[in-house]
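Below you'll find the structure, written out as structure tokens, and then a few comments.
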Amino acid sequence: MKFELQHTDTNSNARAGKITTDHGEIQTPIFMPVGTVGSVKGVHFRDVKEDIKAQIILGNTYHLYLRPGLDIIKSAGGLHKFNGWDRPILTDSGGFQVFSLSENRKLTEEGATFRSHIDGSKHLFTPENVVDTQRIIGADIMMAFDECPPGNSEYKYARTSMELTHRWLDRGLAHFDSTEPLYGYSQTYFPIVQGASFRELRTQSAEYIASKGREGNAIGGLAVGEPTEVMYEMVELVNSILPKDKPRYLMGVGTPVNILENIALGVDMFDCVMPTRNGRNGMLFTANGIMNMRNEKWKDDFSPLDPVGTSFVDQVYSKAYVRHLFVAGEMLAAQIGSMHNLAFYLWLVGEARRKIEEGTFAAWKQMMIPRLSSRL
RNA sequence: GUGAAUGUAGCUCAGUUGGUUAGAGCGCUAGAUUGUGGUUCUAGAGGUCGCCGGUUCGACCCCGGUCUUUCACC
């Protein structure tokens with residue numbers, strides 16, 4: 001993987017860059033649709049590519065390991081071959097899911113034991129076997145196995161957790177560096193900054209992660225319950241320490257406003273379930289504000305779903321029809337909502353990139369923020 | 001025709017020896033959702049308790065009448 005920093009904004013820390021992987025290039029800043037079990041829920045890859053214009057998607061180690069399982073993915077020749085997506089894939093390590101989904105999880109120095117949310121079976125994830133799993137999946141970018149403490153964690157817990165994450169990182173890196181990709185293309189490994197909402201811990205963690213000199217770095221443990229302003233404060237602090245010539249990935253964030261604010265702070269990569277999960281349930285983000293498509297007020301509004309939207313669904317379907325589909329519980333509603341939101345997110349980061357290249361990003365961001373958070 | 005049931009929120013139903021602002025689920029109307037279990041939470045609106053009369057300090061509840069629906073019998 002290579003990263004080329006192409007433009008830096010004059011009035012903020014926003015940057016435009018290019019990541020090159022063996023599965024193609026990624027223009028940053030970028031949003032990565034979440035494809036947990038190897039699919040972007042409800043959307044064909046034809047549309048993810050051509051309509052939404054996604055350049056990279058996520059997969060999830062925890063989910064893919066449990067189902068369909070590593071034997072199947074290995075037999076298929078990796079996730080790209082299995083699901084037919086031929087552009088880059090990033091896999092989350094499963095650390096977050098072990099803590100948010102599974103039952104009876106137990107942390108030890110060795111790793112995390114947990115019970116599957118599917119059948120209750122018992123499993124152990126370690127920094128080493130999570131590398132092996134991501135080798136089998138064949139992710140272009142794999143993530144370190146970390147612990148993600150809640151946003152309201154106390155200092156002592158946050159510090160203990162961060163220190164464990166750092167020790168796990170060293171083990172994961174050692175294993176990564178001593179193993180080879182399985183399918184003939186290169187893979188890279190991003191470490192993750194933790195430290196909850198404590199400046200001191202975030203500083204320590206960012207310095208530790210930066211010292212590893214990897215090809216890209218991630219910021220985890222944010223947007224997990226802490227106030228939004230605290231998230232921005234932590235990102236600003238961490239980005240002042242992480243190297244400028246490596247991509248920075250803010251995990252799990254966020255709303256359209258969160259994304260613009262964090263681009264301004266120098267973040268290059270984002271992923272979030274919000275466009276898909278909320279889209280499936282009728283909450284649509286647009287350049288002019290947020291629409292809840294279940295609202296009664298759309299029942300006889302036959303204008304296009306989003307007149308300035310870039311997805312075909314925005315022009316082909318009316319608001320009234322989409323409301324009808326949501327109220328009726330029609331699966332097409334979920335598909336339309338997901339496509340619209342993802343296309344909008346990709347438009348948003350693409351537009352941010354163009355404004356950075358033009359040198360007008362900061363002003364554009366200030367103009368956009370009140371619009372993005374208004375309700376239609 | 002006779003007998004027995006039934007009637008409470010838009011729907012399906014609880015309800016108390018007769019006691020103050022009559023409840024639930026679903027639906028409806030809104031809000032939430034940040035490294036995804038195709039969701040899940042939260043709040044709100046909505047009822048002259050079939051109708052008429054009676055008993056009682058007080059009736060959704062007891063009594064009489066009447067109408068509705070259902071079942072059984074002749």
Side-chain angles (χ1 to χ4, degrees), chain A residues 31-43 56-64 66-67 89-103 115-120 130 134 139 141-151 165 190-194 217-228 230-232 235 248-259 261-262 267 269-285 290-299 323 326-335 337-338 341-342 345 375:
Chain A
F31 179 81
M32 307 180 283
V34 174
T36 309
V37 301
S39 82
V40 176
K41 288 185 189 298
V43 186
I56 171 173
I57 63 169
L58 256 71
N60 189 280
T61 302
Y62 171 91
H63 289 280
L64 291 167
L66 289 178
R67 194 165 52 191
I89 294 175
L90 180 150
T91 44
D92 188 16
S93 67
F96 188 83
Q97 284 67 38
V98 166
F99 299 105
S100 66
L101 291 182
S102 63
E103 293 175 3
R115 286 188 180 277
S116 160
H117 69 280
I118 298 169
D119 62 5
V130 164
Q134 293 180 97
I141 300 172
M142 57 173 85
M143 300 304 301
F145 187 58
D146 63 343
E147 189 201 349
C148 181
T165 289
F190 283 15
I192 305 170
V193 174
Q194 287 291 348
N217 300 296
I219 307 168
L222 291 175
V224 287
E226 80 288 358
T228 307
V230 172
M231 167 176 73
Y232 297 149
V235 170
R248 299 160 175 158
Y249 165 29
L250 178 57
M251 306 183 76
V253 174
T255 65
V257 171
N258 289 163
I259 286 176
E261 293 291 12
N262 283 298
V267 173
M269 303 163 72
F270 300 88
D271 80 282
C272 190
V273 303
M274 195 171 278
T276 37
R277 175 187 288 161
N278 291 25
R280 274 202 301 286
N281 293 296
M283 186 176 180
L284 269 55
F285 300 96
I290 298 167
M291 293 191 289
N292 181 347
M293 294 315 298
R294 300 185 62 98
N295 285 1
E296 193 170 29
K297 61 185 166 191
W298 308 121
K299 70 180 175 186
R323 166 179 145 87
F326 272 110
V327 170
E330 200 16 71
M331 69 170 89
L332 183 58
Q335 295 181 299
S338 299
N341 275 351
L342 286 176
Y345 267 59
R375 304 198 76 92

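Throughout, protein chains are lettered first and strands after them, A, B, ... in sequence-line order, and every chain is numbered starting at 1.
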message: Strictly below 4.0 Å: does R280(A) bring a side-chain N or O up to OP1 or OP2 of rU40(B)?
response: no
- prompt: On a whole-Å scale, what distance lies between the C1' atoms belonging to rC28(B) and rC62(B)?
  reply: 37 Å
message: Over 60° means perpendicular and under 30° means parallel, so tell me whether Y345(A) and F285(A) are parallel, tilted or perpendicular.
response: perpendicular
rG64(B) to rA59(B) separation - C1' atoms, rounded to the nearest Å: 15 Å
query: Does rG27(B) have a Watson-Crick or wobble mate here (both distances under 3.5 Å), and if so which one?
result: none
field: Which nucleotide in rU33(B), rU29(B), rG35(B) has an atom nearest any side-chain atom of M251(A)
entry: rG35(B)
message: Tell me the interatomic distance from M283(A), atom CE, to rA30(B), atom C1', rounded to whole angstroms.
response: 13 Å
Whole-Å gap separating P (rC41(B)) and CZ (R277(A)): 13 Å
- request: State yes or no: are the ring centers of F31(A) and F270(A) separated by less than 6.0 Å?
  value: no
message: Heavy atoms only, 4.0 Å cut-off, all strands: where does G94(A) land among base, sugar-phosphate and nothing?
response: nothing
field: Spacing of CD1 belonging to I89(A) relative to CD1 belonging to I56(A), to within rounding of 0.5 Å
entry: 8.5 Å
Base-pairing mate for rA9(B) - Watson-Crick or G-U, with both contacts under 3.5 Å: none
message: For a quick check under 3.5 Å, do Q134(A) and T91(A) share a side-chain donor-acceptor pair by atom type?
response: yes
field: Phosphate contact (rG31(B) OP1 or OP2) by R375(A) side-chain N/O below 4.0 Å
entry: yes
query: Between rG37(B), rU34(B), rG35(B), which nucleotide has the shortest distance from any of its atoms to the side chain of Q194(A)?
result: rG35(B)
query: rG31(B) phosphate, OP1 or OP2: any side-chain N/O from N295(A) under 4.0 angstrom?
result: yes
- prompt: On a whole-Å scale, what distance lies between the C1' atoms belonging to rC60(B) and rA14(B)?
  reply: 12 Å
- prompt: Using purine N1 to pyrimidine N3 plus N6-O4 or O6-N4 for Watson-Crick, or N1-O2 and O6-N3 for G-U wobble, each under 3.5 Å, what pairs with rC73(B)?
  reply: rG1(B)
statement: From the candidates rU29(B), rG35(B), rU33(B), the one with an atom nearest any side-chain atom of N278(A) is rU33(B)
field: T255(A) side-chain proximity, nearest of rG35(B), rG31(B), rU34(B)
entry: rU34(B)
statement: Picking from rA30(B), rU34(B), rG35(B), the nucleotide nearest the side-chain atoms of V253(A) would be rU34(B)
task: For the side chain of A223(A), starting at C-beta, report the closest nucleotide among rG38(B), rU34(B), rG35(B).
output: rU34(B)
Pairwise 5' ranking along RNA chain B for M274(A) and H63(A), keeping only the more 5' one: M274(A)
query: Paired with rU40(B) by Watson-Crick or G-U wobble geometry, both distances under 3.5 Å: which nucleotide is it?
result: rA32(B)
- prompt: How many Å lie between CE on M293(A) and P on rG31(B), as a whole number?
  reply: 12 Å
query: Distance between the C1' atoms of rC74(B) and rG27(B), in whole angstroms?
result: 44 Å
message: So if I take every side-chain heavy atom of E296(A) and compare against rC28(B), rA30(B), rG35(B), which nucleotide ends up nearest?
response: rA30(B)
message: For the C1' atoms, the ones on rU68(B) and on rU6(B), what distance do you get once it is rounded to whole angstrom?
response: 9 Å
Quiz item: N281(A) side-chain donor-acceptor pair to rG38(B) base, under 3.5 Å: no
- prompt: Expressed as a whole number of Å, how far does the P atom of rU16(B) sit from that of rG23(B)?
  reply: 14 Å
query: Considering only the C1' atoms, how many Å lie between rG58(B) and rG44(B), rounded to the nearest integer?
result: 32 Å
task: Please measure how far the P atom in rU2(B) lies from the corresponding atom in rU55(B), and state the result in whole Å.
output: 29 Å
message: At less than 4.0 Å, is any side-chain N or O atom of R323(A) found next to OP1 or OP2 of rU29(B)? Yes or no.
response: yes
field: Which nucleotide in rU33(B), rA30(B), rG38(B) has an atom nearest any side-chain atom of M331(A)
entry: rG38(B)
